[in-house]
Structure formats: structure tokens, C-alpha cells
Amino acid sequence: MSASSEDHTAWQRAKAPVIGTGAVAAIVIVAVGAAGWWSPRDVQDAASVELALVSRSTLHGFSFPIQHSPKRLTAVPASAVVVDSLLEPYRLTREEVLALSPIDATRVDAVSPDATQIARALSEVASREVNDAVDSFGYTVAVDFTVDGLTGEPLLLTWSLTGPDVGATWQTPRLGVRLEPTTDDDSGSADIWIPDLTSPGDYTVKVAIVRASDGSAVTSGDLHLPAADTPQE
């Protein structure tokens, strides 16, 4: 897969996608955003992890699945725009708030929306103002995955960012999508949205599939995003 051919002058990262692979057990990865339960269907023989940068995208332009998740999320307004003084400039939907919220430290299958933390995280992302709302730049990342021997076990696909210039707010795992294998040898793909940070250095997207019951790792993969080339005089 390759990045889109659109004008890239507004983007921080380099144009060329870099694909990283890695596995802990039996599963493949490719990526999606803040979701309800999702069951992979297409079966493959080999277990593997594949990550690819699909395209440039914005936060508001990415289609986040509707969240059908733990009851503690009911505190998040279901209205089209989440109203909070800190988040008001961003005009976030409920699904965007959930996608940007870190996973709860005490319960791996839940997220804890916090306006202060989300606002701080978005302040570190390249953005533009459109129709009186701030829209954040980012990327759609594809995650292809295969799973062996985990039929009916709830799994979570999580992601985080690492790198010398990555702030602590983006190093905490976030929920990409919920998975539940339907066969002993199952596979599928999903898309996640990750931000285009304003920090000048390279950074890496860390994707993991973990058990919803205890957070134990099933498989993982990395995708390196190089910084944009310095313009030549």
C-alpha cells in the first residue's frame, strides 16, 4: 500500500510509508478506529503481523465506528458534538473522544475520557481550522491480523506512539478496535487513525492485540514514521 497522491505540503511526516512487522504469538495486524465488537472472517494459513500506512487523513475525515462498549462510557455525551470548554474548538464527536481517550489503567477493556488530557494531546498534533473548527492531521494505518486457537475470546487491538520527541500523552495505549475470533484459525483487517505530531523527529506506531480479560499480549507490530525531509535551499 502507498500513501495517497494528494498535496503533502501541510504534512509533517515523510511521504513514503514504512512497513514494520513483528509477532508474539499467532495473529496478523493492519488497523481501524475506536470501535464496538468486530469479528474477523477471512481465514489465512500463516500467523503474521502487517502494518501499512494507507493514506493521509484528518481526524474529522476518518470514519470511526460507533462504540458499543463498557457502561462507564455512558458519561460521554452521545450528541453529534461533545461540548467542553477545553475541547470546544475541536468540535469532537463522541466516537472521536473515545478514540482519543487512553485505555483505563485499572481496566484494560475500558477507556477513561478526560477533556484535559485529550486537549493536551491534540495540542501536539498538526492541524488546520475549517468552518470555525480545528481539524487535526493524521494517517490511516492498516492492520492485517490472523489468530489461532482463540475462538470466542474477546481481544483488543491497541495502539500507542513512541519516539524521542513523543510526549507522554501519546505513549499511553489507546483502543483501536475490539475483536472476537469466530473460528480457531481466524483473520481479518482493520483501520486506525493516528495523529501527525508537530514534533520534528521520527516516531513509531506500536500496535498490539491483547486479551480483554487481563491485557496479556497475543501479538504486536511496529510502523516507523520518518520525519519530513528538510527543504533544500
Side-chain angles (χ1 to χ4, degrees), residues 3 6-15 31-35 53-65 67 73 75-105 110-141 158-176 191-207 222-231:
E6 64 180 293
D7 182 3
H8 293 165
T9 57
W11 301 92
Q12 177 72 20
R13 300 295 114 190
K15 297 178 182 178
V32 168
L53 189 65
V54 176
S55 64
R56 315 253 180 193
S57 60
T58 64
L59 179 64
H60 295 330
F62 187 86
S63 180
F64 291 98
Q67 178 64 264
L73 297 182
V76 181
S79 58
V81 178
V82 174
V83 178
D84 185 283
S85 59
L86 291 174
L87 298 179
E88 186 173 0
Y90 298 97
R91 298 183 180 275
L92 301 177
T93 66
R94 181 176 185 269
E95 283 65 48
E96 289 167 350
V97 167
L98 297 178
L100 294 170
S101 300
I103 290 175
D104 195 307
V111 298
S112 298
D114 182 287
T116 300
Q117 192 171 36
I118 293 173
R120 184 184 302 118
L122 288 176
S123 71
E124 301 171 0
V125 180
S127 63
R128 65 183 177 187
E129 187 170 320
V130 180
N131 297 326
D132 297 324
V134 177
D135 198 3
S136 303
F137 290 119
Y139 304 93
T140 297
V141 174
T158 68
W159 66 272
S160 60
L161 305 179
T162 62
D165 299 317
V166 176
T169 54
W170 288 111
Q171 294 183 33
T172 305
R174 285 168 167 78
L175 176 62
D191 292 334
I192 57 172
W193 183 87
I194 59 101
D196 180 20
L197 302 183
T198 55
S199 57
D202 298 1
Y203 59 89
T204 299
V205 183
K206 309 277 290 185
V207 176
D222 299 344
L223 176 65
H224 182 66
L225 294 180
D229 295 333
T230 303

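Here the structure is a predicted model, which means the values were calculated and not measured.
A donor-acceptor contact shorter than 3.5 Å links the side chain of Asp165 to the backbone of Gly201. Checked by atom type and distance alone, the side chain of His60 never pairs as donor or acceptor with a backbone atom of Glu96 at under 3.5 Å. Judged purely by atom type and a 3.5 angstrom limit, Asp222 has no side-chain atom pairing as donor or acceptor with the backbone of Lys206. A distance-only check finds no donor-acceptor pair linking the side chain of Thr198 to the backbone of Ala126 [under 3.5 Å].
Contact detail for Thr169 and Ala121: the closest heavy-atom pair is OG1-CA, 3.8 Å.
Taking the side chain as every heavy atom from C-beta outward, Thr204 and Leu161 never approach each other to under 4.5 Å. You'll find the side chain of Val207 stays beyond 4.5 Å of the side chain of Thr158, heavy atoms only. Side-chain contact check for Tyr139 versus Phe62: every heavy-atom pair is 4.5 Å or farther apart. Counting heavy atoms from C-beta outward, Leu225 and Leu197 have side chains that stay 4.5 Å or more apart. Side chains of Leu92 and Leu59 form a contact here, defined as non-hydrogen atoms less than 4.5 Å apart. Between Trp170 and Val125 the shortest side-chain heavy-atom distance falls below 4.5 Å.
Asp114 pairs by the side chain to side chain donor-acceptor pair (under 3.5 Å) definition with nothing, not counting sequence neighbours. Residues that satisfy the side chain to side chain donor-acceptor pair (under 3.5 Å) test with Gln117, not counting sequence neighbours, are absent from this structure.
A perpendicular orientation is assigned to the rings of Phe64 and Trp193, their planes being inclined by more than 60° (bins at 30° and 60°).
In this structure, CZ in Phe137 is found 10.5 Å from CZ in Arg56, a value given to the nearest 0.5 Å. If you take CZ on Arg174 and OG on Ser160, they are separated by 9.0 Å, rounding to the nearest 0.5 Å. Rounding to the nearest 0.5 Å gives a distance of 9.0 Å between CG of Asn131 and CD of Glu129.
The only option from Leu53, Ile194, Val54 that meets the side chain to side chain contact (heavy atoms under 4.5 Å, CB included) definition with Thr140 turns out to be Val54.
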